[in-house]
Amino acid sequence: MLDYVNWLRHASPYINQHRDCTFVVMLPGEGVAHPNFGNIVHDLVLLHSLGVRLVLVHGSRPQIEARLSERGLSARYHNNLRVTDGAALECVMDAVGRLRLEIEARLSMDMAASPMQGARLRVAGGNLVTARPLGVHDGVDYHHTGEVRRVDRKGIQRLLDERSIVLLSPLGYSPTGEIFNLACEDVAMTAAIALAADKLILYGEESGLLDSEGQLVRELRPYQAREHLQRLGTSYQAELLDAAAQAAEGGVRRSHIVSFPNNGALLSELFTRDGSGTMVAQEQFERLREATIEDVGGLLELIRPLEEQGILVRRSREVLETEIEQFSIVERDGLIIACAALYPLPDSEAGELACLAVSQHYRQGGRGDELLERIEQRARKLGLKQLFVLTTRTSHWFQERGFVVSGVERLPSSRASLYNFQRNSKIFEKAL
């Protein structure tokens, strides 16, 4: 029970942050067919109940393949895109229609003792996507395969204002009355840009974007996507990453790639600071900067546990407010997770590195080294030649980074007179 209470408390800032925001969520046909689909629906219902404006875009690839197989037809692809001739279009319409009905039915459930009880959702859709044909490429006629021409932004906004969940299918319509088969990733990305959505969420089979060693890439900028796209080639991960990067470049603040087989992946991504998937963001999610007066409260929260353990010297709010300009901090999505301070010592060419602290949840990411480098840069700009540090618990860490053992007699007189012999801190120095 305590874990649940703590999780809810830590999620509360995100609940407030996401309220009245517009999220476009793309779920491929594989995700709808997966056993975890019911849990995904429950998560979407929860978002809706928390005031999130939802646009849900579904795919239909495996369902179309099944319809083609039932009719003894073979799927045709060119450049990883389906060639949709007249016979294939009938299968597409059948698969998409049935899939849409299934999704609407799931969202209409109101079973007692279930997450859907009392939800009373309204699902809306229609001819909200205008499409055009892809035409002929490399001598291949794509027939009824198309691309998004535009999304009816005003129509979707009106439905969202009425508290409906807007459901978009991978079909588009032309002004001449034709039907086109579309890529659901293209529909979702274009809708997110047109709506100036706060988030585009893309479901895939993997936890998110995996690097060349199979490790999850948790965050990257749009320009960093290019090198991954070259490596991924024509894989589905490449399609998801390309859509996420294009959305970010088109004005969507953050795009997320999460796993549809992973129960709760969406909630973990949206309501925890580190998430569960990959985020493609316009701005830097974590940054190193100089502290301002607004950071005092966050600094107190960071250093208080270390003060209680006797690792850091206690600093009151008043002291921090007075000395805030001495601090550099690492901020992660609004939370201060690391800090360090530089105090120039009067009548000398030396400075003191103090209050170097990293949150216990983020101590393996090299943030201490980043802060040390920033403090050394600041000291050099001030013309300082030496950097002193006093520590009781982290001697080896500083020695590994070029600090050497020193003594009280080496400290400038202004600092030596304040040395606390009862605390018995070890003194180290480093030439800059």
Side-chain angles (χ1 to χ4, degrees), residues 22-29 32 53-61 63-64 67-68 71 73 75-104 122-162 164-197 200 202 239 242-243 246-247 249-252:
T22 299
F23 293 0
V24 176
V25 181
M26 189 284 296
L27 182 64
V32 180
R53 297 154 59 92
L54 284 175
V55 177
L56 176 60
V57 182
H58 73 87
S60 56
R61 287 188 184 95
Q63 291 81 4
I64 294 172
R67 298 296 178 276
L68 289 169
R71 300 190 185 189
L73 300 173
R76 290 179 58 207
Y77 288 89
H78 180 70
N79 290 335
N80 211 33
L81 288 172
R82 186 188 301 278
V83 176
T84 312
D85 58 18
L89 180 62
E90 291 184 15
C91 295
V92 170
M93 294 167 59
D94 183 25
V96 171
R98 291 184 181 217
L99 206 52
R100 184 181 182 92
L101 290 173
E102 180 183 344
I103 294 171
E104 288 181 347
R122 184 189 299 113
V123 183
N127 57 338
L128 299 169
V129 179
T130 301
R132 59 187 166 214
L134 275 179
V136 179
H137 288 250
D138 303 324
V140 176
D141 188 349
Y142 281 95
H143 297 283
H144 295 281
T145 297
E147 59 185 357
V148 180
R149 182 175 178 181
R150 65 179 176 84
V151 172
D152 185 356
R153 179 180 58 83
K154 290 183 178 179
I156 295 175
Q157 293 283 18
R158 184 167 57 251
L159 293 171
L160 293 174
D161 290 342
E162 294 172 354
S164 297
I165 292 180
V166 177
L167 180 60
L168 300 181
S169 298
L171 292 178
Y173 310 94
S174 73
T176 57
E178 294 178 281
I179 301 172
F180 290 102
N181 179 30
L182 308 174
C184 60
E185 299 79 15
D186 189 25
V187 175
M189 180 266 295
T190 306
I193 293 173
L195 295 168
L200 170 62
L202 302 163
E239 292 185 44
D242 187 44
Q246 286 192 56
E249 290 170 347
V252 179

Working to the nearest 0.5 Å, report the span between [atom1] of [X] and [atom2] of [Y].
X      : Y      : atom1 : atom2 : result
Ser60  : Asp94  : OG    : CG    : 11.0 Å
His144 : Leu182 : NE2   : CG    : 13.0 Å
Asp152 : Leu168 : CG    : CG    : 10.0 Å
Gln246 : Met189 : CD    : CE    : 4.0 Å
Ile103 : Ile165 : CD1   : CD1   : 11.0 Å
Met26  : Asp186 : CE    : CG    : 11.0 Å

- Is there any salt bridge (charged side-chain N to carboxylate O under 4.0 Å, His left out) pair reaching into residues 79-90, and which pairs are they, with sequence neighbours excluded? Glu65-Arg82, Arg71-Glu90
- If a pair satisfies salt bridge (charged side-chain N to carboxylate O under 4.0 Å, His left out) and one of its residues is in residues 131-148, list it, with sequence neighbours excluded. Arg132-Glu147
- From CA spacing to verdict: side chain to side chain contact (heavy atoms under 4.5 Å, CB included), Leu54, Val166: CA-CA 6 Å; Leu54 284 175; Val166 177; over 6 Å; no
Are [X] and [Y] packed together at the side-chain level, in the sense that at least one heavy-atom pair is separated by less than 4.5 angstrom?
X      : Y      : result
Val25  : Val57  : no
Arg67  : Leu73  : no
Tyr142 : His137 : yes
His58  : Val96  : yes
Val151 : Leu128 : no
Pro175 : Thr130 : yes
Val129 : Leu171 : no

Which pair of non-hydrogen atoms, one from [X] and one from [Y], has the smallest distance, and what is that distance?
X      : Y      : value
Val187 : Pro170 : CG2-CA, 4.5 Å
Ala247 : Leu200 : CB-CD2, 3.6 Å
Ser169 : Arg100 : OG-NH1, 3.1 Å
Val252 : Ala197 : CG1-O, 3.6 Å
Ala243 : Leu202 : CB-CD1, 4.1 Å

- Task: For Thr145 and Thr84, indicate whether the former's side chain and the latter's backbone hold a donor-acceptor pair under 3.5 Å.
- Result: yes
- Message: Using a 3.5 Å distance criterion without hydrogens, assess whether the side chain of Gln63 forms a donor-acceptor pair with backbone atoms of Gly29.
- Response: yes
- Can you list the residues that meet the ring pair (Phe, Tyr, Trp, His ring centres under 6.0 Å) rule with Phe180, with sequence neighbours excluded? none
- Item | CA sep, side-chain torsions, deciding dist, call: Gln157, Asp161, side chain to side chain donor-acceptor pair (under 3.5 Å) | CA-CA 6 Å; Gln157 293 283 18; Asp161 290 342; over 6 Å; no
- Message: I'd like to know if the side chain of Glu162 pairs up with that of Ser164 as donor and acceptor (distance under 3.5 Å, no hydrogens or angles considered).
- Response: no
- Query: Do Glu178 and Arg149 meet the salt-bridge criterion of a basic N to acidic O distance under 4.0 Å?
  - Reply: no
- Message: Check this for me: does any side-chain nitrogen of one of Glu104 and Arg98 sit under 4.0 Å from a carboxylate oxygen of the other?
- Response: no
- Message: Using the side-chain contact (heavy atoms from CB on, under 4.5 Å) definition, which of the options Val55, Leu159, Leu56 pairs with Leu167?
- Response: Leu56
- Walk me through it: do Val83 and His143 pass the test side chain to side chain contact (heavy atoms under 4.5 Å, CB included)? CA-CA 7 Å; Val83 176; His143 297 283; 4.0 Å; yes
